Amino acid sequence: MPDRDAAAWLWLRERLAALRPAPRAGVSVPSTPPAVVVRTAVVTDSASALPADWVHACAGDARLTVIPMPVMVGAEIYGEGEDDITETIALALASGTSVKTSRPSPGQFEQAFLAAERLGYEGVVSIHISGGLSGTADAARLAATRVSIPVEVLDSGTVGMALGMGVQAAVAAAAAGSDTTAVAAAAAAQFARTKVYFYVPSLEQLRRGGRIGAAASLLGTMFAIKPILAVDDGKIVPLEKVRSAAKAVARLEELAAADAASRPHGQARLAVHHFGNPVEAEALAARLSAALPSCPPAQISSLPAVLAAHAGLGVLAVIVGESGPTVRNSEPEPPAVSA
């Protein structure tokens, strides 16, 4: 089922449109507006779950680079975004085949930073999956010491489209001509306003990947507890314990809807992730839309393989974020031209 990224597109278009100053009297306005000079490049990893079409739209000036995260299925290594591995991961999880993940190599980040420098960028902001879940940000920091272009590495403290929303905010700031400090601040501000709620039918994959303790996994198995989880302070934490799958999904919906309703009117943004259960995700998104008429429809997408490898089949996640403040162009306005 294709991703629904209309809400993300609408949000970005509105923010970029706000960058264009209104014409003043006596100023000659060209029929085609000049392109905004981008001075900062943005690098992220594939755990950001960014819509493929959105990433492709950023390819024109190479201001965004997404580094693939490796996923190991048995003895085979795949690159997220480089290989079509969704079905492979699903089959492996269903059959009990070992599925593991790793961080990208520092060399991959070094190449991305050097490419940005060759293209004339003045700096790079490298934004990554929580350091509490992956060593990806550490690999980027190591690569940053090997290049001459200034690189600011940002640990998002989150995952999925919660990370992706911050990356989108950073790209919008970069398109406004902002420097690395302002671009990183735009992403950090978005992370502070974003929350991840999710439900997994089984805690076994999280236990195998070391994301939760063995005791918690055993408790869930023995007593058929279906926990509602969240990402807090960069780590996976339990929110509530529910006795059945149906009640867990209903409670996930309640928590996400209440959070979104508490945001400033019309500012909430939603994303729904799934893996192997798109019908459930569509139904959840529809119910959220009905409960939140002032909120744009949720973007629905399959969880990136690097995250699905740990969450397992049947995961449902809801990301609640906000439309950020308008990014102002940091470049000085040109002087008025006499008529």
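None of the values given here were measured: they were computed from a predicted structure.
Side chain of Asp45 to backbone of Ile129: a donor-acceptor contact under 3.5 angstrom is found. With hydrogens and angles disregarded, no donor-acceptor distance shorter than 3.5 Å links the side chain of Ser134 to the backbone of Gly131. A donor-acceptor distance shorter than 3.5 angstrom exists from the side chain of Gln190 to the backbone of Glu322, with no hydrogens or angles considered. A donor-acceptor contact shorter than 3.5 Å is absent between the side chain of His128 and the backbone of Ser48. Between the side chain of Arg39 and the backbone N or O of Gly177 there is at least one donor-acceptor pair closer than 3.5 Å. A donor-acceptor pair under 3.5 Å links the side-chain atoms of Lys226 to the main chain of Pro201, judged by distance alone.
Between Ser102 and Met72, the closest side-chain pair of non-hydrogen atoms falls below 4.5 Å. Annotation: side chain of Trp54 is in contact with side chain of Gln168 (closest heavy-atom distance under 4.5 Å). Side-chain contact between Val124 and Thr180 is absent, with no heavy-atom pair separated by less than 4.5 Å. Looking at heavy atoms from C-beta onward, Pro104 lies in side-chain contact with Thr136 at the 4.5 angstrom threshold. Taking 4.5 Å as the limit, every side-chain heavy atom of Val231 sits out of range of all side-chain heavy atoms of Tyr197. A 4.5 Å side-chain heavy-atom check between Val71 and Lys100 finds every atom pair outside the cut-off. Taking the side chain as every heavy atom from C-beta outward, Met69 and Pro304 never approach each other to under 4.5 Å. Counting heavy atoms from C-beta outward, Leu93 and Phe275 have side chains that approach closer than 4.5 Å.
Contact detail for Ser301 and Gln299: the closest heavy-atom pair is OG-NE2, 3.8 Å. Between Thr97 and Gly74, the shortest heavy-atom distance links the atoms CG2-N, 4.1 Å. Closest of all the heavy-atom pairs between Pro238 and Leu229 is CA-CD2, 3.7 Å. Considering every non-hydrogen atom in both Leu313 and Gly276, the closest pair reads CD2-CA, 4.4 Å. Of all the heavy atoms in Lys195 and Ala230, the pair that sits closest is CE-CB, 4.3 Å. Minimum interatomic distance between Leu307 and Ala47 (heavy atoms only, all atoms of both residues): CD1-O, 3.9 Å.
Residue Asp155 holds its CG atom at 11.0 Å from CD1 of Ile127, rounded to the nearest 0.5 Å. Residue Leu239 holds its CG atom at 9.0 Å from CZ of Phe198, rounded to the nearest 0.5 Å. Summarising the geometry, atom CG belonging to Asp179 is positioned 9.0 Å from atom CD belonging to Glu122; distances are rounded to the nearest 0.5 Å. In this structure, CD1 on Ile319 lies 9.5 Å from CG on Leu270, to the nearest 0.5 angstrom. Note that CZ of Arg263 and OG of Ser294 are 12.5 Å apart. Values are rounded to the nearest 0.5 Å. Here Leu316 contributes atom CG and Asn277 contributes atom CG; the two are 5.0 Å apart, rounded to the nearest 0.5 Å.
The one candidate from Val171, Thr40, Val42 that meets the side chain to side chain contact (heavy atoms under 4.5 Å, CB included) condition with Arg63 is Val171.
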- Task: Test side chain to side chain contact (heavy atoms under 4.5 Å, CB included) on Phe109 and Arg141 and set out the steps.
- Result: CA-CA 9 Å; Phe109 289 110; Arg141 291 187 187 99; over 6 Å; no
- Message: Run the side chain to side chain contact (heavy atoms under 4.5 Å, CB included) test on Leu50 and Leu64 for me, step by step, so that the C-alpha distance in whole Å, both residues' side-chain angles and the decisive distance to 0.1 Å come before the verdict.
- Response: CA-CA 11 Å; Leu50 290 164; Leu64 173 66; 4.2 Å; yes
- Go through Phe113 and Thr65 one step at a time and tell me if the side chain to side chain contact (heavy atoms under 4.5 Å, CB included) criterion holds. CA-CA 9 Å; Phe113 300 158; Thr65 300; over 6 Å; no
- Message: For His273 and Ser302: C-alpha separation, side-chain torsions, deciding distance, then whether side-chain hydrogen bond (donor to acceptor under 3.5 Å, both in side chains) applies.
- Response: CA-CA 5 Å; His273 291 313; Ser302 180; over 6 Å; no
- Could you walk me through whether Ser130 and Thr158 pass the side chain to side chain contact (heavy atoms under 4.5 Å, CB included) test, one step at a time? CA-CA 5 Å; Ser130 168; Thr158 192; 5.7 Å; no
- Would you sort out whether Gln108 and Arg103 count as a side-chain hydrogen bond (donor to acceptor under 3.5 Å, both in side chains), showing the intermediate values? CA-CA 10 Å; Gln108 290 175 276; Arg103 71 181 190 180; over 6 Å; no
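Clustering ILVMFWY residues whenever any of their side-chain heavy atoms sit less than 4.5 angstrom apart, transitively, puts Ile67 in a cluster other than the one holding Leu142.
Aromatic ring centres of His274 and Tyr199: separated by at least 6.0 Å.
By the 4.0 Å N-to-carboxylate-O rule, Glu240 lies close enough to Arg251 to be salt-bridged with it.
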